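These notes concern the structure reproduced below.
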Amino acid sequence: MSIEATEMVTIPRAELESLRAEVRRLRRQVARAVARARIEADAGPGDGAPTFTRDELADAWGISE
């Protein structure tokens, strides 16, 4: 698949680097928003899963001091 010369464009390197930096910034922004949404959606320790203290785990595993 070849591109005809009429379909090609040129842009200055500084503008290309600027666009790349903007894409990186936007990707980080989206990643932060996704992370925040996941954190806020997490029910935390009250979601029905048992929560143990360090001593309780050590006793259950038979490694208490």
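Along the sequence shown, the residues carry numbers beginning at 1. This one's a predicted model, so the numbers in the text were calculated from it and none came from an experiment.
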Remaining members of hydrophobic cluster (4.5 Å side-chain criterion), Ile11
Leu16, Leu19
Do any pairs count as a side chain to side chain donor-acceptor pair (under 3.5 Å) and have a residue in residues 8-19, sequence neighbours left out, and if so which ones?
Glu17-Arg20
Under 3.5 Å, side-chain donor or acceptor atoms of residues 23-33 against the rest of the protein: list the pairs with distances, not counting sequence neighbours.
from  : atom 1 : to    : atom 2 : distance (Å)
Arg25 : NE     : Glu22 : OE1    : 3.2
Arg25 : NH1    : Gln29 : OE1    : 3.2
Arg25 : NH2    : Glu22 : OE2    : 2.7

